[in-house]
Amino acid sequence: MPDLKRPGGELASRPLHFIWIVDCSGSMKGEKISTVNHAIQSTIPEMADAANDNPNARLLIRTLKFSSGANWVTADPVPIEEFAWDDLDADGPTDMGKAFEMLAAQLTIPPMSDRALPPVLVLLSDGQPTDNYKKNLEHLLKLPWGRKAVRIAISIGRDADDAVLEQFTGNPELVLQANNPQALVKMIKWASTAASVVPSPSVTPKQQGVQMAVPAAGETNGSRMLDTKSIPSEQKNVPEDVW
Amino acid sequence: MEYFVFGRSIRGAAHIREGTACQDSCRKTLRGDGSVILAAADGHGSKASPYSRTGSRIAVNVFHRVMGSLCDSFEGKPDKLFSYLSREGESTLSRCVETEWKRRVIKRHRRNKRPFTLGSRGEKDLGALYRQYGTTLLGLMVTPTFLFALQIGDGDICCVRGGRAEKVIVTEKILGVETHSLCRENAWEKIGTVTRRVRFAQPTLFTLTTDGFANSYGSEEDFLAAVGDYRRILIDYGPGPVKSHLPVWLRETSDMGCGDDITMLIAYLPGDKAPADGID
């Protein structure tokens with residue numbers, strides 16, 4: 001019996017795009033943006049470990065910052081094993097609509113693949129959009145990958161426009177409240193573990209944090225893959241810690 | 001007409017890591033009338049579908065039962081069977097597949113004394129019940145003169161002629177990890193069928209693969225090229241070595257690809273002196 005090589009060409013794992021969308025407007029200056037920087041930096045090792053536990057999904061990270069306009073921090077998605085966080089600064093208005101427009105451009109097919117896993121989008125904001133965001137958000141949510149994406153928002157401080165964030169997530173439970181640094185760190189960490197849930201919706205992830213609640217068959221909103229019961233509860237705050 | 005029919009389901013790399021069972025099922029039948037029936041199914045394997053492995057097993061058995069009964073009813077009348085399938089494939093037959101699958105799911109649930117989920121008024125929630133067994137289904141019958149293919153959900157039924165692979169059915173593709181399912185209400189509306197006259201080129205390959213196979217390639221083109229390559233290797237080495245290597249190849253595909261369960265069923269016709277030209 002001859003020893004035959006497998007027919008077919010190169011095999012590929014499925015890409016999983018994880019995108020941080022960060023409000024870098026002037027009101028984020030100081031403790032808020034420094035907490036964001038520190039918290040996201042601290043999630044990288046655990047995200048890398050989770051990715052190692054699932055070699056069949058290729059975790060790719062990107063950051064979109066917005067204040068006056070919006071910019072991708074890296075030109076292309078970066079594999080988690082190569083990803084490093086560059087601290088963001090804060091200044092200017094809150095052009096969230098521009099961020100939605102640029103996000104939509106990357107979620108069309110192509111450049112997204114139709115073989116990818118549902119992308120995870122995490123929007124962090126402490127204020128109200130200062131541009132005309134509605135049209136761009138509607139367009140984003142009409143895209144197939146926009147609809148299917150796991151969409152989480154972290155509302156930083158009491159001045160954030162939760163109504164807009166709820167429109168983004170499509171689920172008020174996935175607008176996570178963070179009114180002090182400790183809560184912000186917890187919420188960012190919880191959001192980061194969504195990357196370990198998406199590749200294996202049939203399996204409960206080993207690490208603490210996000211657990212699976214499987215959507216009904218035919219469910220179209222990717223965010224329903226997350227179990228909101230596992231979201232950390234907001235701490236009771238001392239007055240000086242509240243944003 | 002000479003057929004070589006074989007296949008294998010393997011547990012996905014991700015399922016091995018996590019200790020969960022393979023959710024795929026497959027079945028093949030060579031009939032005495034020179035036709036072959038193949039079916040593969042992929043259970044959803046989610047927390048809402050804890051019995052989907054059973055559901056996929058029921059699905060392949062239902063397809064075989066329905067097609068076998070039809071062949072018996074139209075024995076000796078292939079043209080009438082062709083006309084019936086062309087006319088009723090996406091209506092009567094699809095409804096029959098859905099109804100029979102659901103009937104067997106309830107029977108199995110009762111036999112195992114599993115509880116029924118109750119709705120708000122205390123009635124049995126059959127939708128929730130069916131979801132527990134949710135599955136896709138791929139079915140193919142090839143006769144000496146025509147083929148009939150049926151599909152609900154993801155996965156692929158392909159034919160290779162002249163070295164080029166093409167899909168026998170092109171179904172709606174849902175992005176991400178969702179799929180259409182036999183468990184849904186009016187699932188028959190999402191069942192696609194194809195009935196087509198055939199003349200076989202030499203040789204011809206049919207494959208049924210669950211979505212773990214295609215998802216292990218970077219693009220549709222790469223996937224179809226891989227299927228075409230299976231035909232090449234069947235021609236070069238014959239079915240015996242391919243059958244014996246198939247488990248290892250599928251294992252490697254899952255390990256280095258998407259990690260999902262993979263089923264591949266093969267019906268290979270090496271051909272004789274029949275005229276060439278492939279599927280009409």
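In the text below, chain A, chain B and the rest are named by the order of the sequence lines, each starting its count at 1. Since the structure is predicted, the reported quantities are computational estimates derived from the model, not experimental observations.
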Contacting moiety of [X], where chain A heavy atoms sit under 4.5 Å:
| X | result |
| --- | --- |
| B/L175 | both |
| B/D255 | backbone |
| B/Y237 | side chain |
| B/Q23 | neither |
| B/I174 | side chain |
| B/A128 | neither |

Does this structure show an ion pair linking [X] with [Y], if we count only N-O contacts that are shorter than 4.0 Å?
| X | Y | answer |
| --- | --- | --- |
| B/R184 | B/E189 | no |
| B/D261 | B/R11 | no |
| B/E98 | B/R95 | no |
| A/K135 | A/E101 | no |

Using the six-membered ring of A/W72, assess whether NZ or CZ of A/R62 lies under 6.0 Å from its centre and within 45 degrees of the ring axis. yes
Could you walk me through whether B/E220 and B/K167 satisfy the side-chain contact (heavy atoms from CB on, under 4.5 Å) test, starting with their C-alpha distance in whole Å, then the side-chain angles of each, then the deciding distance to 0.1 Å, before giving a yes or no? CA-CA 11 Å; B/E220 173 118 321; B/K167 291 190 180 184; 3.2 Å; yes
Can a side-chain donor-acceptor contact be found between A/N56 and A/S13 if the only test is distance below 3.5 angstrom? no
Show, in sequence, the C-alpha distance, side-chain angles and deciding distance for B/H109 and B/Y133, and conclude whether the ring pair (Phe, Tyr, Trp, His ring centres under 6.0 Å) test is met. CA-CA 9 Å; B/H109 199 77; B/Y133 295 78; 5.7 Å; yes
Contact origin within A/P55 toward chain B - heavy atom pairs under 4.5 Å: both
Side chain from CB out, backbone as N, CA, C, O: work out which of these in A/A116 comes under 4.5 Å of a heavy atom of chain B, or both, or neither. backbone
Based on non-hydrogen pairs under 4.5 Å, which of [options] is most in contact with chain A?
| options | result |
| --- | --- |
| B/A226, B/G127, B/A214, B/S254 | B/A214 |
| B/D211, B/V248, B/D260, B/I233 | B/I233 |
| B/S219, B/G228, B/S244 | B/S219 |

Reported CD-to-NE2 distance for the pair B/E178 and B/H180, which is rounded to 0.5 angstrom: 9.5 Å
Does anything in residues 49-58 of chain B get under 4.5 Å of chain A by heavy atoms, and if so which residues? none
I would like to know whether A/F168 and A/L140 meet side-chain contact (heavy atoms from CB on, under 4.5 Å); could you show each step before the answer? CA-CA 9 Å; A/F168 172 75; A/L140 172 68; 4.2 Å; yes
Heavy-atom distance under 4.5 Å between the side chains of A/F18 and A/P119, does that happen here? no
Determine whether A/D162 and A/Q177 satisfy the following criterion, side chain to side chain donor-acceptor pair (under 3.5 Å), listing intermediate values before the conclusion. CA-CA 9 Å; A/D162 286 359; A/Q177 299 297 326; 2.8 Å; yes
Please determine, among A/L11, A/L117, A/I109, the option with the most heavy-atom pairs under 4.5 Å with chain B. A/L11
